[in-house]
Amino acid sequence: MRKDKNINRSDAMTLQTDSSEDTQRPQPATKRLSYLLRVNSADPTLMLALLLLVVFGYLILAPVVLLLIDAVTVHFADIARTKQDLGDLTFYYLNRVLVSPISRDLFWWPLAHTAIISVAAIVISFLVGAPIGWLLSRTDLIGKKWFSTALLLPYMLPSWTFALAWLTLFKNRTTGGQPGWMETFGFNPPDWLAYGALPISLILALHYAPFVILLFGNALKQFDTQLEDSARSLGASPATVARRIILPLMMPSLVSAATLIFAKCLGDFGVAYVLGAPVGFDVLATSLFRAISTSQAGASAVLAGVIVLLGTISIIIDMRLLKEAKRFVTIGSKGAMVRQTPLGKWQAPAFAWALLVFIISAGIPLLALTLTTVMRVPGSFSLDNFTLDYWIGTDLGTTALRQGILLTGEFWLALWNTVWMVGLAAIGAGVLGLLVGYAVVRSPFASVSVALRQITFLPYLVPGIAFAAAYLSMFAVARPPLPALYGTPIILVLAILADQMPFASRAGISSMMQLGREPEEAGQIVGAGWFRRMRSIVLPIQRNALVSAILLPFISGIKGLSLVVVLAVPGTDLLTTYAIRLVDYGYSQAANAVVVMLCVVAFTGTMLVQKIGKANLSDGMGSK
Amino acid sequence: MSSITLENIRKSYGRSGPAAIANLSMEIGASEFLCLLGPSGCGKTTTLRMIAGLEHPTDGRILVDGKPIVSVADGIFTVPEKRNMGLVFQNYALWPHMTIRDNVAFGLTLRKTPDAERDAIVNQVMTKLGIAKYADRYPAQLSGGQQQRVALARMLALKPSVILLDEPLSNLDAKLRLEMRAELKRIHAEAGSTIVFVTHDQWEAMTLATTIAVMSEGELQQVGTPDDIYERPANRFVAEFVGSLPINIINRGAVETGPLVAWLDQVLTHFDIDAAPVASAGIRPEATRLGRLSEDEAARCAAGYGSVVDVVPTGGSWIVEIDVQRTRFFAIATENPRLSAGDTTHFWVERQHLHLFDREKQRIAL
C-alpha cells in the first residue's frame, strides 16, 4: 500500500510499449480520442440517440418544416399567376388564404365555423360532463362502476361514427341515397337539424364529454374534503365554499379539459365532413381537405400552418395549466380525505340523468347504426324490411356494391390493410418509443435528450389533417433515400407511426425512468454486451410497458380518420377511409356495417388493454 | 487474487467541471480486503465504479496485476464486460424477470459454459449461500437478506478475480449484518479473492476490512489497518470521521485561551511534549478517564475538572457530558460512573491516547 502522487510519466509510457506500435507514436490528443471512442463503443446509447434524432428528424421535423416552407414558396402550378420563379419566396398563398376575395370561403368562414362549433362543443360537454364527473367521483350513485366505463364509451369509438349515426337518423333529401329514419317515420328534418353547426357541435360535445368527466372527476377525487370542511367550520356558506374554494382549485382541470377539446375539435375532420359537406358548412379541417384534394399545395400549406399554430397555442396553454394543477394537487393531497355525498332522494333523478346521457351519447347512435345494417329501408320496423343482405347478401340491386359487406373483397382488403398497416405502425411506434425512452434517459448529453423528447412530441401539436398535409409535402415527391411514396402503403405506415410517437415516446420515457441503471449495469458486470443486455434484460423487464405502448397506438390508429383520409388511395384503403368512401357513394347500410365492425375492433381492443396492463383510458387520452 | 493499481486518477464530469477526484493513486494488494471509507460525496463509489468500468477516468491509469485495463494517455479502455470483476450493488440489482436460478446462471450462460457444468456451479454456489430452496422463486418474493445472498451468489458463480461491494451491509438489520459479515469474511478466507468495498459506515469498515482507505473530497486521507486508522489517525479529518462518538477537539489558537486549552497545555507539560508545533489536540471520549481524585492524584495525572451536565446510558456504556466553564467535553465510561447531573468530576487522559495535530492538521508523531 502506498500513497504516491508522483508517478513518472515516462515510466507510464514504457509500460505500454508492448501493447502498441512504438516506432511512430501518435500524438496524445489522438490517443485521448481513441480512449473516448473506446469508452463509448462499450455503450452505444449516444449512437442510438443520434440515430433516432436522424430518423425522427426525417419522419417528423422535416415534413412539418417543409409544410411551412411550402406556404411561402412558389409552386409549379402558380408560376404564371405569381410571375415568380419556382421556389421563390412569395406571399401569394398567405395573401390568397387570408386577404383575397376567396379568403372568406377558404379561411374566414371555416375559421368562424370552427370557433363556433368548438365553443358550443365545450359548453355542451361541460353541461353534460361536469355533473357526471361529480356524480361518479363524489356520490353514492347507483351503478357508479358500470357508468364510469359506459359513459366513456363515446370516446373509445371514432367521433365520426356518431356523425354517421346522426345521418342515419336525421338525413333528408338534400343528400341522396337511402332515406333517414325520421323520413321513414314521416317527418322530414329541416337542413339545420340534419346538417351543419348544430349536429356537429352536439356530436363533438358528446364525443369529448368523457374528457370533462375524467379530468373534472379526477380533480374532484383528489380534492380534499377537509378543505371544504375547514371553510365551512369558519362559517362559509355552501355557495361561498363552491365559489371561493372549490372553483379556484378546479379551474386548472376545467380549463385543461376545455383546451384539449378545442385542440381536438380543430383537427377533427370526419364529423364536419359527414355532416357539413351536404350544406357547404366548412371548418378549417374540411377546408384544408378540399384544398388538398384540389391540388392547391400552397393554400393547403397555409391552412395547415394556421391549424398547427392554433393547436400549438392550445396545447401550450394546457401544459401550463397541468403544471399549475400539479402544484395544487401536492398541496391538497396530504392526508386527503374524500367523502361521498349521499344522494338520498336525488338518487333517482341523478341515475336517470346519467342513464339518459348514456342512451343519447352511445345507446341510440350505436343501436341506430347497427339496426340500419339489417334494414332495407332505414327506420322502417315492418318485419319484411329486415334483412341480412347488406352483410352477406348477393345480387343486390345497387350499381357498385352488389353483395353484402362480408362478401366484398374491398372490405376484407380494407380490414387487412387496417390490421397490418396500423399494426406495423403501432409495433414500430411502441419499439421506437421504448428506444427513445432509453436514449432520453441514458444519453450522456442532456441536449440530445431534450431534442429527442421534443421532436417526438411535435406531432401532438399538429392536428392529424395538418400532419397529413405535411406528409404530402414531404413524400409526394422522391426524398432520398426514399422514392415518392404517395399512393403506397408505406406513407400511411410512416404517418401513423410518426403520429403516434408522442404517446409512445412518453410511455417509453416514463417506464425507462422507473427501471434505473442498475439491472443493466449488473448485466454488464457479468459479461453481457449492449445488444445482449437489451435482449435479455431491458426488453423483458419492459415487456408490459411495451405491450401497452403498442396496443394503445394501435387502437387510436384504427379509429383515426383525419390523418389517413388525405393519404389513402383506393388500393390502400383502411376501414375508416373505406367507410367514408361508402358514405360518399350513398351506401348507408354498407357504410354503417363497416363502422360497426370498426367499433367492435376498437372497443374490444380498448377493453383488452385495460384488462392486460396498467394502461387505462385516461393514459391514452393524452394521445391522439 | 489480483492486485489493482490506481495511478493519478482524475475524474471530472462535463468538459471542464470540477474534479470529483483530483489525483488519486493507490495500490490494492492481491487477496487484500480493502474498504474505501468516507462521507457521502467523497468519491469512493466513483472510485469503485471506475475499477468496475462503469465509469471512466478523465485521466490516469488503472492496472490489474501490472497490466493496464485503463490508460487514458494510451487510449486503453477495457469494457466492464471483459474485466472479470464481480460487483454487488447496494440495492442488489437482481433481474426481476428471472428466477433466482436464472439470475445466478446468467453470467455462465453468457460464457457458454456447458449446461452440466453450469448447473453444478449454480447449485453449489446457491447451496453454500443457503438459497438453494428459493431457486425457482423470483427476487420480489425474497426478503432483503435473501436477495443480498442471491446477489452474492450471482457474483461468486463467475469466480471473479476481484470482488467489488457497494455498501454491502447497509440495507440489512442488525442480526443479518452479523451473519453477512461472517459470510463475507468466509468468502474472503476461502477464495482468497481481492475484495474492495465502499461504505460511509465506520462500523462496516472496521468489522470487515483488513485495510481501510479513508477518503474525503476525492482525496485519500490515510490507508492503514483498522487499528491504525483508529489509534493513529493521520490527520484531523480521519480523527474526527472515525469513532462512534465524535472526538473531543481542543484548538490551541492564538486567540483562543479557553479553560480546556489551559488544561491541554498542562497535559502537554506533564507528558514533557513540546507544545510549540501543536495546533490542536484530539481526545476520544472512550479514552477519557473519569473519577473524583484527591488534589495529589489530580496533579499526578494532570486531570481536568468540570461539572456533569448529563449522563446518558447506552446499554453497557455511559456517555457523560461535562461542562468545563461553559465548554463541552464528552467522555464514555464502560462502567457505571455513578455520577448524575450537577456532580463534579475529574477527567484525564493517558499519553498514548493523546492525538496531536500541527497547523496543517497533520498528525504529530510522539
Side-chain angles (χ1 to χ4, degrees), chain A residues 1-20 22 25-43 444-446 515-530 532-533 536-544, chain B residues 7-8 23-29 32 34 49 52-54 56 60-61 63 66-68 70-98 106-111 151 154-155 157-158 160 164 211 213 220 222-224:
Chain A
M1 192 61 52
R2 74 199 150 111
K3 187 182 168 192
D4 187 348
K5 295 193 177 181
N6 298 316
I7 291 204
N8 198 314
R9 182 58 68 186
S10 68
D11 209 32
M13 286 300 198
T14 49
L15 263 171
Q16 55 80 55
T17 44
D18 47 358
S19 62
S20 72
D22 46 357
R25 193 180 301 287
Q27 293 301 301
T30 58
K31 283 292 187 187
R32 188 173 289 269
L33 192 70
S34 86
Y35 169 74
L36 285 176
L37 278 177
R38 222 164 273 218
V39 168
N40 281 308
S41 73
D43 176 20
F445 298 107
L515 178 62
R517 236 173 227 278
E518 280 92 353
E520 212 194 321
E521 286 180 345
Q524 216 170 347
I525 290 292
V526 301
W530 189 81
R532 183 68 198 225
R533 297 201 297 273
S536 298
I537 296 173
V538 177
L539 287 178
I541 292 179
Q542 299 289 19
R543 201 184 54 208
N544 282 348
Chain B
E7 284 180 6
N8 304 93
N23 186 348
L24 180 72
S25 295
M26 67 191 286
E27 202 164 283
I28 302 163
E32 203 160 353
L34 176 114
R49 288 170 61 86
L54 297 174
H56 60 277
R61 305 208 304 166
L63 300 94
K67 289 192 207 78
V70 177
S71 175
V72 179
D74 303 313
I76 296 172
F77 182 83
T78 309
V79 295
E81 297 93 295
K82 301 260 163 65
R83 290 192 186 186
N84 190 28
M85 294 185 177
L87 170 59
V88 176
F89 292 80
Q90 186 177 4
N91 59 5
Y92 320 136
L94 300 178
W95 299 303
H97 61 298
M98 295 187 197
F106 186 65
L108 292 167
T109 310
L110 287 177
R111 291 183 184 184
R154 178 172 74 183
M155 181 264 297
L158 293 176
L164 307 170
T211 311
L220 210 51
Q222 183 175 9
V223 179

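Chain A is the first sequence line, chain B the second, and so forth, proteins listed ahead of strands; every chain is numbered from 1.
Annotation: cation-pi geometry satisfied between B:Arg83 and B:Phe77 (NZ/CZ under 6.0 angstrom from ring centroid, within 45° of ring axis).
Chosen from A:Pro444, A:Gly516, A:Pro540, the residue pairing most often with chain B at heavy-atom distances under 4.5 Å is A:Pro540. Contact count versus chain B (heavy atoms, under 4.5 Å) is highest, among A:Ala522, A:Gly529, A:Gly523, for A:Ala522. Options B:Leu164, B:Asn84, B:Leu54, B:Thr78 differ in how many heavy-atom pairs under 4.5 Å they form with chain A, and the most are formed by B:Leu54.
A:Ser34 approaches B:Gly75 most closely through the heavy-atom pair OG-CA, 3.5 Å.
Using a 4.5 Å cut-off between heavy atoms, B:Val70 contacts chain A through its side chain alone, with no backbone atom that close. Heavy atoms closer than 4.5 Å to chain A are found in both the backbone and the side chain of B:Leu87. Heavy atoms closer than 4.5 Å to chain A are found in the side chain of B:Met98, but not in its backbone. Interface remark: A:Arg543 contributes no atoms to any contact with chain B (heavy atom separation under 4.5 Å).
The existence of a salt bridge linking A:Glu521 and B:Arg49 is confirmed by a sub-4.0 Å separation between a basic side-chain nitrogen and an acidic carboxylate oxygen.
Partners of B:Phe106 under the ring pair (Phe, Tyr, Trp, His ring centres under 6.0 Å) rule, at least two apart in sequence or in another chain, are B:Trp95.
Side chain of B:His97 to main chain of A:Ser536: a donor-acceptor pair is present (N/O by atom type, distance under 3.5 Å, no hydrogens or angles). Formation of a donor-acceptor pair under 3.5 Å by the B:Arg154 side chain with backbone atoms of B:Tyr92 is found in this model.
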